[in-house]
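Structure first, commentary second.
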Amino acid sequence: SDTGRFSLKNLCFAVFTAVSVLAHAWQQVGLSTSKPTIFMQRLKLTSMKTLRKLFLNASLFLGAAVAMAQSQAQSNDGTWSLRECVEYAMVNNLTIKRSELQSRNNEVAYFQSKMAFLPTVNGNGRIAWNFGRFIDPTTNQFINQNTQTGNFGLNGSVLLFQGEQQVNTFKQNEKAFRASVEDIRQSRYDVSLTVAVNYLAVLQNQELLNVAQNQADISRAQVERTEKLVKAGSLPQTNLLDLQAQYANEQLNVTTALN
């Protein structure tokens, strides 16, 4: 899939970068030479701080790629990605729906004001049939015959001038419609930004929870180790009390992160 190719590409890029950084460190300490004595001399001249920085950079590149690959893989097992959250909000957000409905209303008003410039035309017609004895309208005498009469009419009107009220109404509805379209775009931008901020906040809270749990595990292991040393008489009781207090504080941090 595209996600798998994207994750594999990022992972390969980071591994390549990490290998390049390690190769640079290898070259700096002189590991390319075949003479052990020259290697040891160059190793002594190289700062350990510089070496640690180089290897740390390589580890960070590799770790970032692994984390990105894991996050891409998690989106396939039920976890929503940022794009999926934004797309869902675009479809179901009430603010966006209200903006779209308002824009439709403004579009209808704009269309009506545009059609108001056209002339009004009305037509009518009437047909009548008479059977048997009736009064002839031309002679006013009774006659016996069948007659058929009909009349038709057509009239039209057009507004020539009304103090530019119709023109101003048209301009007002046009600007209202265009403004509502921009309101929809702005609403989508705002919702996308809100979803992104909340999504990143959730990720941050998850990472803070993981850090707090890891720190609590470390403190618990230190407490267990110190208890054994205190029982053996190697450490005073105060060390154990300090670690127990630290462990309690770490548990509080975990509870705070969970809430």
Side-chain angles (χ1 to χ4, degrees), residues 1-18 20-21 56-113 171-220 248-259:
S1 62
D2 295 338
T3 304
R5 290 196 297 269
F6 179 72
S7 302
L8 182 60
K9 179 181 179 180
N10 291 337
L11 182 60
C12 294
F13 174 74
V15 170
F16 175 77
T17 306
S20 300
V21 174
L56 178 61
N57 290 335
S59 301
L60 289 176
F61 276 113
L62 187 59
V66 173
M68 183 175 294
Q70 289 177 350
S71 64
Q72 292 289 339
Q74 287 177 354
S75 62
N76 297 327
D77 59 5
T79 303
W80 283 30
S81 64
L82 177 58
R83 175 176 295 180
E84 291 173 337
C85 293
V86 171
E87 290 177 351
Y88 181 84
M90 291 295 103
V91 176
N92 299 279
N93 185 263
L94 295 180
T95 301
I96 295 177
K97 287 187 175 182
R98 281 195 296 266
S99 299
E100 290 175 348
L101 291 176
Q102 184 62 41
S103 178
R104 291 176 184 175
N105 292 334
N106 293 338
E107 184 179 7
V108 172
Y110 170 55
F111 178 77
Q112 289 178 345
S113 61
K171 292 180 178 179
Q172 178 185 359
N173 293 335
E174 180 185 15
K175 293 184 183 300
F177 170 62
R178 297 186 185 279
S180 62
V181 173
E182 296 300 325
D183 288 340
I184 295 176
R185 185 178 291 108
Q186 184 63 40
S187 298
R188 289 175 177 173
Y189 288 157
D190 294 340
V191 170
S192 300
L193 180 60
T194 301
V195 171
V197 170
N198 293 333
Y199 189 88
L200 294 177
V202 171
L203 294 181
Q204 182 182 10
N205 292 333
Q206 289 179 348
E207 292 300 324
L208 291 176
L209 176 60
N210 293 335
V211 171
Q213 289 176 341
N214 293 335
Q215 189 62 38
D217 294 339
I218 294 174
S219 298
R220 183 183 60 185
N249 188 32
E250 299 298 340
Q251 287 181 322
L252 177 61
N253 293 336
V254 172
T255 303
T256 303
L258 285 173
N259 295 331

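Since this is a predicted model, take the numbers as computed values, not measurements.
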Arg178 and Glu182 ion-paired at < 4.0 Å:
no
I need the [X] [atom1] to [Y] [atom2] distance, nearest 0.5 Å.
{"X": "Glu250", "Y": "Arg220", "atom1": "CD", "atom2": "CZ", "answer": "12.5 Å"}
{"X": "Glu84", "Y": "Thr79", "atom1": "CD", "atom2": "OG1", "answer": "9.5 Å"}
{"X": "Thr256", "Y": "Asn205", "atom1": "OG1", "atom2": "CG", "answer": "11.5 Å"}
{"X": "Leu258", "Y": "Gln213", "atom1": "CG", "atom2": "CD", "answer": "6.5 Å"}
{"X": "Ile218", "Y": "Gln215", "atom1": "CD1", "atom2": "CD", "answer": "5.0 Å"}

Using every non-hydrogen atom in the two residues, find where [X] and [Y] come nearest and quote the distance to one decimal.
{"X": "Ile96", "Y": "Asn93", "answer": "N-OD1, 3.2 Å"}
{"X": "Ala196", "Y": "Leu82", "answer": "CA-CD1, 3.8 Å"}
{"X": "Ala89", "Y": "Val191", "answer": "CB-CG1, 3.6 Å"}
{"X": "Val254", "Y": "Leu209", "answer": "O-CD1, 3.9 Å"}
{"X": "Ser103", "Y": "Val181", "answer": "OG-CG2, 3.9 Å"}

By side chain to side chain donor-acceptor pair (under 3.5 Å) - contacts of Glu100 (at least two apart):
Arg188
Scan side-chain atoms only and decide if Asp190 and Gln186 contain a donor-acceptor pair under the 3.5 Å cut-off.
yes
Strictly by modelled atom types, are Asn106 and Gln102 linked by a side-chain donor-acceptor pair under 3.5 Å?
yes
Can you list the residues that meet the ring pair (Phe, Tyr, Trp, His ring centres under 6.0 Å) rule with Phe177, with sequence neighbours excluded?
Tyr110
Does any part of the side chain of Leu203, heavy atoms only, come nearer than 4.5 Å to the side chain of Gln206, both counted from C-beta?
yes
For residues 192-201, which residue pairs pass the side-chain hydrogen bond (donor to acceptor under 3.5 Å, both in side chains) check, not counting sequence neighbours?
none
